[in-house]
Amino acid sequence: MVGGKTIISEEVFADLAKTAMSKVDNVAAVTDESSALAAVVKKVTDRVIPQVVVRKTDAVIGEEEQPASVGHVSFEIKVSIVYGANIPETTAKLRTVLLDEVERITGFQVDKVDVIVEKLIKHEAEVHSEE
């Protein structure tokens with residue numbers, strides 16, 4: 001087998017966290033649309049877009065006497081939750097989805113996921129009905 005390092009940047013972990021958030025109901029997610037309307041919506045929703053802080057330690061390739069260790073990562077995620085959703089259930093689901101995504105894709109061990117609920121937002125259907 002050929003040796004060498006594999007380093008996964010913090011940005012990759014942040015992208016994994018944002019992808020996990022998009023898979024959980026009642027968590028505000030980022031849209032990547034490039035239309036003019038999307039640009040206006042982005043300006044309005046910048047206040048509710050989730051923010052992710054990643055702290056990681058890379059895996060160390062072991063020598064014959066010492067096996068390789070697994071990389072570790074922890075997250076601090078700021079999210080907005082849809083009003084009326086059960087916050088403890090929603091954040092627990094987010095942690096589970098993120099843990100599964102990160103461990104499956106990177107092999108890193110997730111040590112902790114701190115979720116900061118910064119804002120409650122109205123459900124999309126309610127926003128449209130008020131216009």
Side-chain angles (χ1 to χ4, degrees):
M1 184 157 106
V2 177
K5 289 183 182 180
T6 300
I7 298 171
I8 303 171
S9 77
E10 284 85 356
E11 186 174 330
V12 170
F13 289 100
D15 288 343
L16 286 170
K18 289 174 185 174
T19 299
M21 286 183 249
S22 71
K23 294 180 177 183
V24 177
D25 290 338
N26 300 317
V27 175
V30 180
T31 59
D32 286 334
E33 297 176 27
S34 56
S35 69
L37 177 60
V40 171
V41 170
K42 182 180 180 334
K43 286 182 182 179
V44 172
T45 60
D46 272 345
R47 297 172 286 130
V48 298
I49 292 176
Q51 299 173 354
V52 180
V53 175
V54 177
R55 293 177 192 88
K56 73 174 183 82
T57 56
D58 289 316
V60 176
I61 305 303
E63 299 175 11
E64 287 183 30
E65 308 87 36
Q66 193 176 31
S69 68
V70 175
H72 293 258
V73 64
S74 62
F75 295 88
E76 180 181 285
I77 302 172
K78 295 179 181 179
V79 299
S80 296
I81 302 286
V82 173
Y83 179 84
N86 182 292
I87 293 173
E89 288 176 8
T90 303
T91 57
K93 174 75 173 173
L94 176 57
R95 284 185 182 94
T96 301
V97 171
L98 179 56
L99 176 100
D100 292 344
E101 288 282 307
V102 169
E103 290 185 352
R104 179 178 60 83
I105 293 173
T106 68
F108 273 61
Q109 177 180 326
V110 178
D111 292 333
K112 115 178 140 167
V113 178
D114 291 330
V115 180
I116 300 167
V117 179
E118 287 198 317
K119 185 174 283 204
L120 293 177
I121 57 174
K122 290 184 177 183
H123 194 276
E124 192 175 313
E126 292 175 13
V127 173
H128 292 302
S129 67
E130 291 178 3
E131 293 176 352

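- Between atom CG of residue L98 and atom CD of residue E103 there is a gap of 9.5 Å, rounded to the nearest 0.5 Å.
- Two residues are said to be in side-chain contact when any heavy atoms from C-beta on lie closer than 4.5 Å; D111 and V73 fail this criterion.
- Residues V12 and V53 do not share a hydrophobic cluster, clusters being chains of Ile/Leu/Val/Met/Phe/Trp/Tyr side chains in contact below 4.5 Å.
- With rounding to the nearest 0.5 angstrom, the CG atom of D100 is 14.0 Å from the CZ atom of R95.
- In this structure, D25 CG and L94 CG are separated by 12.0 Å, a value rounded to the nearest 0.5 Å.
- Between D114 and I77, every side-chain heavy-atom pair lies at or beyond the 4.5 Å cut-off.
- Side-chain atoms of R55 and E76, non-hydrogen and from C-beta on, do get closer than 4.5 Å to each other.
- Across all their heavy atoms, V52 and A14 have their closest contact at CG1-CA, 4.0 Å.
- Nearest heavy atoms, S22 versus T19: OG-O, 2.6 Å.
- Rounding to the nearest 0.5 angstrom, the gap separating the NZ atom in K119 from the NZ atom in K78 is 12.5 Å.
- If you chain together hydrophobic residues whose side chains sit under 4.5 Å apart, I116 and Y83 never meet in one group.
- The backbone N or O of I8 lies less than 3.5 Å from a partner atom in the side chain of K56, making a donor-acceptor pair.
- Separation of atoms CG (D15) and CD (E101) is listed at 12.0 Å; rounding is to 0.5 Å.
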* Determine, step by step, whether L120 and V82 satisfy the side-chain contact (heavy atoms from CB on, under 4.5 Å) criterion, reporting the C-alpha distance in whole Å, the side-chain angles of both residues, the deciding distance to 0.1 Å, and the verdict. => CA-CA 6 Å; L120 293 177; V82 173; over 6 Å; no
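- With V102 as the fixed residue, the side-chain contact (heavy atoms from CB on, under 4.5 Å) test singles out one of I105, L99, T106: T106.
- Note that OG1 of T90 and CG of N26 are 5.0 Å apart. Values are rounded to the nearest 0.5 Å.
- Closest approach of F75 to F13, counting heavy atoms only: CE2-O, 3.5 Å.
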